[in-house]
There are 2 protein chains.
Amino acid sequence: MDDRLLLLGLLRQSEMHGYQLYEFIERNLTTCTNLKKPSAYFLLSKMEAEGLVEVQETRTGNRPPRKVYRLTPEGERLFWQSLEENLAQFIPTVFVGDVGLAFLDQLPSQRALDLLQRRQAAMQMYLAKLEALPPHRGSAALLIQHQIHHVRSELAWLASLIADLQSASQSAALDEKGLKALENTRSKSNPK
Amino acid sequence: MDDRLLLLGLLRQSEMHGYQLYEFIERNLTTCTNLKKPSAYFLLSKMEAEGLVEVQETRTGNRPPRKVYRLTPEGERLFWQSLEENLAQFIPTVFVGDVGLAFLDQLPSQRALDLLQRRQAAMQMYLAKLEALPPHRGSAALLIQHQIHHVRSELAWLASLIADLQSASQSAALDEKGLKALENTRSKSNPK
DNA sequence: TATTGAATAGTCAATTTTGAATATTCTGAA
DNA sequence: TTCAGAATATTCAAAATTGACTATTCAATA
């Protein structure tokens with residue numbers, strides 16, 4: 001539903017053909033969707049069938065004809081409805097990177113540390129890229145600020161995990177208890 | 001690939017049939033995957049075809065036979081490889097909720113505020129649920145801590161967005177410039 | 001002026017995901 | 001005991017997504 005909202009919202013600002021939509025999303029809105037090219041086309045033709053958008057075929061030279069999409073009043077209605085719905089709700093974030101964390105205790109703690117430090121480096125690089133981005137206009141800027149805020153927060157969390165892991169493996173060197181110590185440490189510290 | 005890692009990792013701890021896997025994920029690991037029941041079954045039979053897991057059909061009474069899966073050495077190898085890969089990389093988070101934010105300026109600012117405050121309430125409820133969760137064992141606890149950290153950070157960000165929106169609509173009441181003011185405000189404030 | 005590679009524009013078969021249905025067993029209340 | 005509904009366990013057809021491909025135009029350079 002959110003991808004429809006995205007397409008409707010963009011078409012509302014100006015009519016476009018599939019590739020333009022895809023390009024724009026790819027360049028400016030990757031932080032809020034994974035929509036790929038064929039999915040974009042698929043969605044568009046579906047939305048046409050549902051009467052949310054109208055198509056105008058335009059042929060330039062002997063190119064394959066481009067389909068230019070524009071919003072119908074029906075589409076406009078759905079836009080407002082979906083926009084309100086999207087803004088009012090909260091969808092919990094799924095962290096695929098946490099699958100690995102779920103099995104962190106299977107690894108020797110030194111190896112775990114190594115890997116997490118590589119993750120940390122990858123995050124720092126991503127953050128640097130975000131911060132170096134040329135200033136975007138309008139609400140795209142908002143999304144980038146959001147992503148920056150998020151990555152900083154994730155970096156802080158990862159740093160604290162790494163620190164715990166380090167001190168746990170320190171004491172493990174003494175008391176031979178390994179990662180078990182860590183779980184207790186972290187599950188108790190629950191700062192407001 | 002991450003869902004395979006998840007299934008492999010769980011099967012490595014003990015053999016299980018599809019429903020058990022699904023149930024366990026549903027109860028303890030929803031913060032790191034969206035894997036639905038039929039997808040779990042699909043993945044399992046695919047992994048069987050790939051020689052990553054073995055099946056043992058067990059029939060109890062005249063129930064439909066249950067397929068119990070266990071890891072093969074091949075599966076074990078892939079587990080370690082995928083685990084290291086997962087831990088070492090960082091996959092940027094996609095915020096579907098940001099689709100709405102991308103069109104925030106299309107709404108009258110009072111309406112935008114209303115909706116975002118509802119989102120805020122939804123987030124607070126989710127956080128409360130997380131915090132009330134009975135203490136989980138092992139690394140599941142880690143994932144919950146992560147989710148809590150994340151939601152707190154998101155709440156802070158949303159609060160600051162709402163505050164900016166409020167002060168922007170205050171000045172709009174004076175200078176009639178509406179939401180335009182907001183974008184400038186936020187895109188400049190970039191705290192270290 | 002050819003040639004090559006990037007950018008533009010879209011499609012398709014194959015894969016993956018999903019909602020909904022099926023079927024059995026268990027639990028407890030009437 | 002019996003009937004209803006929850007829990008267990010899986011499957012399937014329909015829908016959505018993807019990687020890989022096709023094809024044209026444009027820009028630069030050999």
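Each chain gets a letter, A, B and so on, in the order its sequence line appears, and its residues count up from 1.
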Quiz item: Can you name the ring pair (Phe, Tyr, Trp, His ring centres under 6.0 Å) partners of B:H17, sequence neighbours left out?
Solution: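 Counting only residues at least two positions away or on another chain, B:H17 forms no ring pair (Phe, Tyr, Trp, His ring centres under 6.0 Å).
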Self-check item: Residue pair B:L101 / A:L143: nearest heavy atoms and the distance that separates them
Solution: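 Nearest heavy atoms, B:L101 then A:L143: CB-CD2, 3.9 Å.
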Practice problem: Please name the pair of heavy atoms, one in A:L165 and one in A:A112, separated by the smallest distance, quoted to 0.1 Å. | Solution: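 That closest heavy-atom pairing would be CD2-CB, 4.1 Å.
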Quiz item: Is there a donor-acceptor contact under 3.5 Å linking the side chains of A:S153 and B:H150?
Solution: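 On atom types as modelled, these side chains do not qualify, holding no pair under 3.5 Å.
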Within [range], residues whose heavy atoms come under 4.0 Å of DNA chain D:
range	result
residues 28-49 of chain B	B:K37, B:P38, B:Y41
residues 1-9 of chain B	none
residues 16-27 of chain B	B:H17, B:G18, B:Y19

Quiz prompt | side-chain hydrogen bond (donor to acceptor under 3.5 Å, both in side chains) contacts touching residues 28-45 of chain A (sequence neighbours left out) | solution =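 Every side-chain hydrogen bond (donor to acceptor under 3.5 Å, both in side chains) pair that includes a residue of residues 28-45 of chain A, provided the two are not neighbours, is A:D3-A:T33.
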Practice problem: Run the salt-bridge test on A:E57 and A:R66 with the 4.0 Å N-O cut-off and return the result as yes or no. | Solution: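 Result for this pair is no, no salt bridge flagged.
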Practice problem: Step by step, work out the side-chain hydrogen bond (donor to acceptor under 3.5 Å, both in side chains) result for A:Y126 and A:Q147. | Solution: CA-CA 10 Å; A:Y126 179 65; A:Q147 191 76 197; 3.0 Å; yes
Practice problem: Write out all pairs satisfying salt bridge (charged side-chain N to carboxylate O under 4.0 Å, His left out) with one or both partners inside residues 83-99 of chain B, taking only residues at least two apart or from two chains. | Solution: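 For residues 83-99 of chain B, and leaving out neighbouring residues, the salt bridge (charged side-chain N to carboxylate O under 4.0 Å, His left out) pairs sorted by first residue read A:R111-B:E84.
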Quiz item: Distance-only, no hydrogens or angles: does the A:R119 side chain make a donor-acceptor pair with backbone N or O of B:Q89 under 3.5 Å?
Solution: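 Indeed, once roles are kept as given, a pair shorter than 3.5 Å links the two residues.
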Quiz item: Please walk me through it: do B:E154 and A:H146 pass side-chain hydrogen bond (donor to acceptor under 3.5 Å, both in side chains)?
Solution: CA-CA 9 Å; B:E154 286 294 285; A:H146 184 197; 2.7 Å; yes
